[in-house]
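Naming convention: chains lettered A, B, ... in sequence-line order (proteins, then strands); numbering from 1 in each chain. What you see below is based on every heavy atom in this structure, not just the backbone, and it leaves out hydrogens, waters and symmetry mates.
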Amino acid sequence: MVLLEHEKFFAELTKLFYSAREKGTVRMTVKRYDGRTKPEPRVGKEPLPTPVENMCLIRATCRSKKISTIVHGQEVKKFHQKYASLMRSSMDALKKQRKPKTKSKAAH
Amino acid sequence: MIKDSIYFSLNEIRFSKMTYLKSWEEFQKAAEKLYLQNPTKARYNISYRHNKGLVALKMTDDATCLQYKTENQQELRKMEMFLNDLMRHMASNEN
């Protein structure tokens with residue numbers, strides 16, 4: 001898992017989408033992340049220090065390539081804007097809704 | 001005990017057997033509820049397959065799994081808005 005800065009993450013994600021154009025799937029996971037780097041210890045052992053701040057962890061994979069990034073509270077708005085526009089431009093194989101055919105009816 | 005109560009509260013919105021929900025609205029409502037039950041454990045997946053023109057969504061806490069798939073581009077906007085709410089909540093200190 002490669003943890004990247006936002007700019008780098010978007011650049012790599014664009015590449016992932018591009019590499020999956022012929023075939024393959026791009027998977028993205030969004031999860032709350034409290035900043036811990038160790039697993040939760042067993043009951044009876046010293047617990048982990050209480051997390052200070054909640055963050056948002058974003059992972060993306062395509063075949064064996066994996067990338068991830070962390071978004072802090074203040075950056076969410078900016079990050080989401082970029083993320084959404086990237087998804088909109090990359091997910092362009094989805095079907096557009098067809099307009100109702102009013103003209104052909106009128107021709108009869 | 002806790003697991004049972006989750007199962008029943010989610011059962012109210014009728015998807016105990018089917019993991020794929022039929023409409024976006026249904027999925028959004030259920031996924032939001034599932035996330036809020038346990039924000040630290042829940043994760044949200046988006047997978048996109050270009051050659052099939054398909055987006056599949058998943059919200060799971062490893063006990064219940066909710067899924068939804070669509071080919072409709074119109075729903076991308078709704079997904080974006082949902083993702084925004086979700087990310088804002090994740091990166092905040094609310095529970």
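A/Arg63 CZ: more than 12 foreign heavy atoms inside a 6.0 Å radius.
Only the side chain of B/Leu76 comes within contact range of chain A, with at least one heavy atom under 4.5 Å from a heavy atom of that chain. In this structure, the portion of A/Ile58 lying under 4.5 Å from any heavy atom of chain B is its side chain and not its backbone. For A/Glu53, the part sitting under 4.5 Å from any heavy atom of chain B is the backbone (N, CA, C, O) and nothing else. Contacts between B/Lys41 and chain A at a heavy-atom distance below 4.5 Å involve the backbone alone (N, CA, C, O). Contact of A/Asp34 with chain B is not made at all, since no heavy-atom distance falls under 4.5 Å. Heavy atoms closer than 4.5 Å to chain B are found in the side chain of A/Tyr83, but not in its backbone. Proximity to chain B (any heavy atom under 4.5 Å) is restricted, for A/Met55, to the backbone atoms N, CA, C and O.
In terms of hydrophobic clustering, with Ile, Leu, Val, Met, Phe, Trp and Tyr side chains grouped at heavy-atom distances under 4.5 Å, B/Leu36 and B/Leu57 are assigned to a common cluster. B/Met81 and B/Leu66 end up in different hydrophobic clusters when Ile, Leu, Val, Met, Phe, Trp and Tyr side chains are linked at under 4.5 Å.
Between the CG atom in B/Asn72 and the NZ atom in A/Lys96 there is a gap of 11.5 Å [rounded to 0.5 Å]. Between atom NZ of residue A/Lys77 and atom CZ of residue B/Arg88 there is a gap of 9.0 Å, rounded to the nearest 0.5 Å. Going from atom OG1 of A/Thr29 over to atom CD1 of B/Ile46 covers 8.5 Å, rounded to the nearest 0.5 Å. Remark: A/Arg88 CZ to B/Met79 CE distance equals 11.0 Å, nearest 0.5 Å.
Of all the heavy atoms in B/Met87 and A/Cys56, the pair that sits closest is CG-SG, 3.8 Å. Closest heavy-atom contact between B/Leu54 and A/Leu94: N-CD2, 4.0 Å.
Contacts of A/His6 classified as ring pair (Phe, Tyr, Trp, His ring centres under 6.0 Å), with partners at least two apart in sequence or in another chain: A/Phe79. With sequence neighbours excluded, no residue forms a ring pair (Phe, Tyr, Trp, His ring centres under 6.0 Å) with A/His80.
Close approach to chain B, defined as a heavy atom under 4.5 Å from one of its heavy atoms, is seen in A/Phe17, A/Ala20, A/Arg21, A/Glu22, A/Lys23, A/Gly24 of residues 8-24 of chain A, taken by number.
If you check the side chains of A/Thr25 and B/Arg49, you find a donor sitting under 3.5 Å from an acceptor.
Here A/Lys95 is the residue among A/Arg27, A/Gln74, A/Lys95 with the most heavy-atom pairs under 4.5 Å with chain B. Put simply, of B/Glu94, B/Met59, B/Glu75, the one with the most heavy-atom pairs under 4.5 Å next to chain A is B/Glu94.
Each of A/Val30, A/Val71, A/Asn54, A/Leu57 was scored for a side chain to side chain contact (heavy atoms under 4.5 Å, CB included) with B/Met90, with one residue passing: A/Val30.
Between A/Met87 and B/Tyr48, every side-chain heavy-atom pair lies at or beyond the 4.5 Å cut-off. No side-chain heavy atom of B/Gln73 sits under 4.5 Å from any side-chain heavy atom of A/Met91.
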N/O donor-acceptor pairs under 3.5 Å from side chains in residues 37-45 of chain A, not counting sequence neighbours:
{"from": "A/Glu40", "atom 1": "OE1", "to": "A/Arg36", "atom 2": "NH1", "distance (Å)": "2.9"}

